[in-house]
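By convention here, the first residue in the shown sequence is residue 1.
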Amino acid sequence: MPNAAEWWVYLGAALLIAFAPGPGILYVLARSIRGGSREGVRSALGNGLGASVHVLAAAVGLSALLMASAVAFTVVKLIGAAYLVYLGARALWELRKGAGEQAQDSPRQRGSAVVQGFFTELFNPKTAVFFLAFLPQFVHPEQGSATTAFLVLGLIFVVFAMSADLLVAAFAGPLAAKLARNPRWWRRQQVVSGSTLIGLGGALALSQN
């Protein structure tokens, strides 16, 4: 585990990275604008679950294998990019429906926000790369279990990242709720939401290894 000085460095760096605007925060923002705070919170939960899988993978060494294989990295990256584009395209396709039809989501639709957030983060190879590039600097195998250190440090970062996502959902959701009855607003936020997700997918697909 890190020493006292390293803990302060890690916590400060993790906070800055977690709260810096990135794909996860922008995804939650898009979902919050589209469906309000509740959908944003579910998306944040899904992001957190997906990131937790990366923490477990880093702890057992699977992420190291992903980084070592250019083919594996590219495949996972393209799957994640395609999924984001699909979510954005579906949001734009729903413009064919009226705003009133979107006001009441079914239990299945509400649950899908968690699932979509989970897979969006799960298929983001940059998360795996982050954990493998950043966490090892604070892990000292000679002083104890490296697996335990990876888990503790990784889960702390997940908590920070989820806190940032939840703040975004809290501020974006009420704004969407106030304007939800305005048909023009509904169409505009669907375009913004869908375009943002498609843009994120394109950026991920074109990013450098």
Asker: Please report the shortest heavy-atom distance between Asn47 and Gly117, naming the atom on each side.
Answerer: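 Looking at all heavy atoms of both residues, the shortest contact is OD1-O, 3.1 Å.
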
Asker: Can you measure from CE (Met162) to CZ (Phe157) and round to the nearest 0.5 angstrom?
Answerer: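 Rounded to the nearest 0.5 Å, the CE-CZ separation comes out at 12.5 Å.
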
Asker: Indicate yes or no: at least one non-hydrogen side-chain atom of Leu122 is less than 4.5 angstrom from one of Leu49.
Answerer: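 Heavy-atom side-chain distance check fails, nothing below 4.5 Å.
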
Asker: Any chain of hydrophobic side-chain contacts (each under 4.5 Å) joining Trp8 to Phe19?
Answerer: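 No, it is not one cluster - the side chains of Trp8 and Phe19 are not joined through contacts under 4.5 Å.
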
Asker: Taking transitive links into account, so neighbours of neighbours count too, which hydrophobic residues share a cluster with Val41 at under 4.5 Å side-chain distance?
Answerer: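 Members alongside Val41: Leu166.
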
Asker: In the structure I gave you, are the side-chain heavy atoms of Val60 and Phe150 within less than 4.5 Å of one another anywhere?
Answerer: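 Counting from C-beta outward, Val60 and Phe150 never come under 4.5 Å.
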
Asker: If every non-hydrogen atom of His54 is compared with every non-hydrogen atom of Glu121, which pair is closest and at what distance?
Answerer: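 In this case the closest contact between His54 and Glu121 is NE2-O, 3.0 Å.
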
Asker: Enter the distance from Arg31:CZ to Arg38:CZ here, rounded to the nearest 0.5 Å.
Answerer: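 If we round to the nearest 0.5 Å, Arg31:CZ and Arg38:CZ are 15.5 Å apart.
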
Asker: Is it true that atom CH2 of Trp7 has more than 12 heavy atoms of other residues, nucleotides or ligands lying nearer than 6.0 Å?
Answerer: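 Yes.
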
Asker: So which heavy atom on Ala169 is nearest to which on Ser32, and how close?
Answerer: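 Of all heavy-atom pairs spanning Ala169 and Ser32, the closest is CA-OG, 3.4 Å.
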
Asker: Between CG of Leu153 and CD of Glu6, what distance do you get to the nearest 0.5 Å?
Answerer: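 It is 9.5 Å, given to the nearest 0.5 Å.
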
Asker: Where is the tightest heavy-atom contact between Tyr27 and Ser43, given as atom of each residue plus distance?
Answerer: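 The answer is CE2-CB, 3.8 Å.
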
Asker: Distance check, rounded to the nearest 0.5 Å: Leu15 atom CG versus Ile156 atom CD1?
Answerer: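 CD1 of Ile156 is found 10.0 Å from CG of Leu15.
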
Asker: Tell me the closest heavy-atom pair linking Ser37 and Ala170, and the distance in Å.
Answerer: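 The answer is OG-O, 4.1 Å.
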
Asker: List in chain and number order the residues that pass side chain to side chain contact (heavy atoms under 4.5 Å, CB included) with Val159, two or more places apart in sequence or in another chain; answer none if no residue qualifies.
Answerer: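 Only Ser163 meet the side chain to side chain contact (heavy atoms under 4.5 Å, CB included) criterion with Val159.
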
Asker: Nearest heavy-atom pair of Asp165 and Ile25: which atoms, and what distance?
Answerer: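 Scanning both residues, the minimum pair turns out to be OD1-CG1, 3.5 Å.
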
Asker: Within a strict 4.5 Å, meaning less than it, do heavy atoms of the Leu45 and Phe118 side chains meet?
Answerer: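 Answer no - side chains too far apart.
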
